[in-house]
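I have placed the structure first, in the form of structure tokens, so that the comments after it can refer back to it.
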Amino acid sequence: MNILITGANGQLGNEMQVLSKENAGHVYFFTDVQELDICDEQAVCQFVRSNQINIIVNCAAYTAVDKAEDDPEFCDKLNHVAPGYLAAAAEACGAALIQVSTDYVFDGTGHIPYTEDMAPCPNSVYGTTKLAGEQAVMENCSRAMIIRTAWLYSIYGNNFVKTMLRLGRERETLGVVFDQIGTPTYANDLARAIFAAINKGIVSGIYHFSDEGVCSWYDFTLAIHRLAGITTCKVSPLHTDEFPAKAPRPHYSVLDKTKIKKTLDIEIPHWESSLKKCIELLEK
């Protein structure tokens, strides 16, 4: 199959490149904005048609959650309009599309893990545009798979794990919020789930994926420092209102993964075992 992976220079896109070597039976087209501007409808249609693409995996997104509050137009273009273009191009060529979405489509006021049939209720520009992107994809492509994820990190790019490692070595004290609960997701694990979907066959619908387990950002930080052997930084728990941000964060965004585990017949690792793998790679 001919597989187009957009946003190839991001965390997930880079992991897809790594795992493509383990899935060598396909022809891959890895693109970022320099190779293909997914906000250009004509360019998207031409690329998908001329390269006879069978599956699109859209890893591109506007993910600067706070900045999005001041840049809603471009955020909407990248997270909502562009996925619609990809979906329409896929449909015109009989291709399938995997669209990566987010826990931010929920407001985080719940207290039990979110299932796919729970009503979305975003309360930020980022979450609103990602939900609109989901809807555009489902409306324009009959073979569309939406995978919502959360708390993504990897050895690539800027992310929470890298930041906590750096701050843990630079500072003697650090405050991290303890009243936001979710599940860290190693981008390599998400990439493996995407390849499982590709190799098993795309089953349309909305799915949730994160690693197993639950923690707060505070607990996550303690684990990062412990696994990296950082002992010189005292980490203290903070309330969300002690750490002001432009965009509201979900207080609870644990995703129920039952559906994707059954559909793809996969096991998902616990977040701490995946974190250990990531830190070992970063510390090499």
What is the minimum heavy-atom distance between [X] and [Y], and which atoms define it?
X	Y	value
Y104	V65	CE2-CG1, 3.8 Å
F47	I53	O-CG1, 4.3 Å
I266	A193	CD1-CB, 4.1 Å
T128	P122	N-CB, 3.5 Å
Q17	A8	NE2-O, 2.8 Å
C141	A90	SG-CB, 4.1 Å

Identify whether the distance between the nearest side-chain nitrogen and carboxylate oxygen of [X] and [Y] falls below 4.0 Å.
X	Y	value
E283	R169	yes
R192	E15	no
R249	D66	yes
E170	R166	yes
D265	K200	no

Under a 4.5 Å cut-off applied to non-hydrogen side-chain atoms, are [X] and [Y] in contact?
X	Y	answer
L78	C39	yes
E41	V44	no
I3	I56	no
C59	I5	yes
W217	F178	no
L238	V176	no
V235	Y218	yes
I146	V137	yes

#### Entry: Of I155, I224, L152, T221, the residue whose pairing with V161 passes side chain to side chain contact (heavy atoms under 4.5 Å, CB included)
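By the side chain to side chain contact (heavy atoms under 4.5 Å, CB included) criterion, V161 pairs with just one of I155, I224, L152, T221: I224.
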
Judged by modelled atom types alone, do [X] and [Y] share a side-chain donor-acceptor pair under 3.5 Å?
X	Y	value
D189	S274	yes
S142	E91	yes
K259	T115	no
T183	D211	no
S124	E69	no
N2	Q52	no
N199	N23	yes

### Task
Go through the steps to decide whether M164 and F220 satisfy the test side-chain contact (heavy atoms from CB on, under 4.5 Å), and finish with yes or no.
CA-CA 9 Å; M164 292 304 106; F220 190 23; over 6 Å; no

Consider only side-chain heavy atoms of I, L, V, M, F, W and Y, link residues closer than 4.5 Å, and tell whether [X] and [Y] are in one cluster.
X	Y	answer
F160	L282	yes
L131	Y252	yes
M1	V27	no
M16	L36	no

Has the side chain of [X] got a donor or acceptor atom that lies under 3.5 Å from a matching backbone atom of [Y]?
X	Y	value
S273	H270	yes
N14	N9	yes
E35	D32	yes
T185	A150	yes
T263	I260	no
D37	V33	no
H225	T231	no
D76	P72	no
D219	C215	no
T149	F209	yes

Is the gap between the ring centers of [X] and [Y] under 6.0 Å?
X	Y	result
W151	W271	no
Y126	Y62	no
F106	Y114	yes

Find the distance between [atom1] ([X]) and [atom2] ([Y]) and round it off to the nearest 0.5 Å.
X	Y	atom1	atom2	answer
H26	S20	NE2	OG	10.0 Å
S236	L174	OG	CG	8.0 Å
Q99	I206	CD	CD1	11.0 Å
I202	I55	CD1	CD1	4.5 Å
E116	D256	CD	CG	6.5 Å

If you draw a 6.0 Å radius around [atom1] in [X], do more than 12 non-hydrogen atoms from other residues or ligands fall strictly inside?
X	atom1	answer
E22	CD	yes
K261	NZ	yes
D241	CG	yes
E242	CD	yes
Q34	CD	yes

### Message
Could you walk me through whether S204 and M145 satisfy the side-chain contact (heavy atoms from CB on, under 4.5 Å) test, starting with their C-alpha distance in whole Å, then the side-chain angles of each, then the deciding distance to 0.1 Å, before giving a yes or no?
### Response
CA-CA 5 Å; S204 300; M145 186 176 193; over 6 Å; no

### Query
Which of these passes salt bridge (Lys or Arg N to Asp or Glu O under 4.0 Å) with E280: K284, K276, K277?
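Only one of K284, K276, K277 forms a salt bridge (Lys or Arg N to Asp or Glu O under 4.0 Å) with E280, namely K276.
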
### Task
Go through the steps to decide whether V100 and L12 satisfy the test side-chain contact (heavy atoms from CB on, under 4.5 Å), and finish with yes or no.
CA-CA 10 Å; V100 181; L12 182 57; 3.6 Å; yes

### Message
As a quick check of understanding, evaluate side-chain contact (heavy atoms from CB on, under 4.5 Å) for R148 and Y207, giving each step before the final call.
### Response
CA-CA 6 Å; R148 294 172 180 155; Y207 298 84; over 6 Å; no

### Task
Determine, step by step, whether T240 and Q180 satisfy the side chain to side chain donor-acceptor pair (under 3.5 Å) criterion, reporting the C-alpha distance in whole Å, the side-chain angles of both residues, the deciding distance to 0.1 Å, and the verdict.
CA-CA 7 Å; T240 295; Q180 294 172 23; 3.1 Å; yes

